[in-house]
Amino acid sequence: MLEDVRVWVDGELNVGGEARIAALDHAVTVGDAAFETLKVVDGVPFAPTRHLRRLQRSLAGLGLPPADEAVLAGGIKEVLAAGEPLPFGRLRYTVSSGVGPLGSDRGGAPLTYIVTASPAPRPPASAAIVTVP
């Protein structure tokens with residue numbers, strides 16, 4: 001449900017999907033952004049270093065500067081600290097090339113940082129493993 005979503009955009013925390021980004025942000029107009037989605041177990045993101053490395057590779061592949069890891073870490077900390085800890089959930093962060101002109105030309109604006117988190121149902125068990133001596 002939307003009221004359970006925690007949203008952080010460029011330093012501002014909102015709950016329930018009320019955060020806003022600019023209509024001319026290139027994430028909206030031309031999809032010029034990269035994102036990562038991580039599972040959260042007992043309030044802790046799974047494999048954050050690997051996801052951050054992959055985000056940085058994606059940004060480089062798009063010709064964008066590296067994400068400011070301290071900014072992302074701050075957003076992640078805020079969304080996970082808002083409200084009750086998530087026993088199981090999703091954490092997603094997106095970095096876009098920021099506000100720019102219509103079309104694919106970049107305007108040199110600062111990157112836009114978006115971090116979201118929400119509870120999610122645990123998936124059903126899909127396999128069982130038994131070890132035998």
Arg6 (side chain) donor-acceptor with Ala82 (main chain) under 3.5 angstrom: yes
Nearest non-hydrogen partners of Pro87 and Pro85, listed with the distance: CD-O, 3.2 Å
Contact check, side chains of Thr112 and Val95, non-hydrogen atoms, under 4.5 Å: no
Minimum heavy-atom distance Thr29-Ala23, with the two atoms named: CG2-O, 3.5 Å
Spacing of CG belonging to Asp42 relative to CG belonging to Leu86, to within rounding of 0.5 Å: 10.0 Å
Where Ala67 and Leu72 come nearest, the two heavy atoms and their spacing: CB-CD1, 4.0 Å
Step-by-step side-chain contact (heavy atoms from CB on, under 4.5 Å) determination, Leu64 to Arg106: CA-CA 10 Å; Leu64 290 170; Arg106 292 181 178 143; 3.5 Å; yes
Check: Gly75 main-chain N/O paired with Tyr93 side-chain donor or acceptor under 3.5 Å: no
Within 6.0 angstrom of Arg90 CZ, more than 12 heavy atoms from elsewhere: no
Closest heavy-atom pair and its distance - Arg20, Val9: O-CG1, 3.9 Å
Spacing of CH2 belonging to Trp8 relative to NZ belonging to Lys77, to within rounding of 0.5 Å: 13.0 Å
Closest approach of Val99 to Ala22 (non-hydrogen atoms, all atoms of both residues): CG2-CB, 3.6 Å
Check: Ser96/Asp25 side-chain N/O donor and acceptor closer than 3.5 Å: yes
Closest approach of Ser97 to His26 (non-hydrogen atoms, all atoms of both residues): OG-CB, 3.1 Å
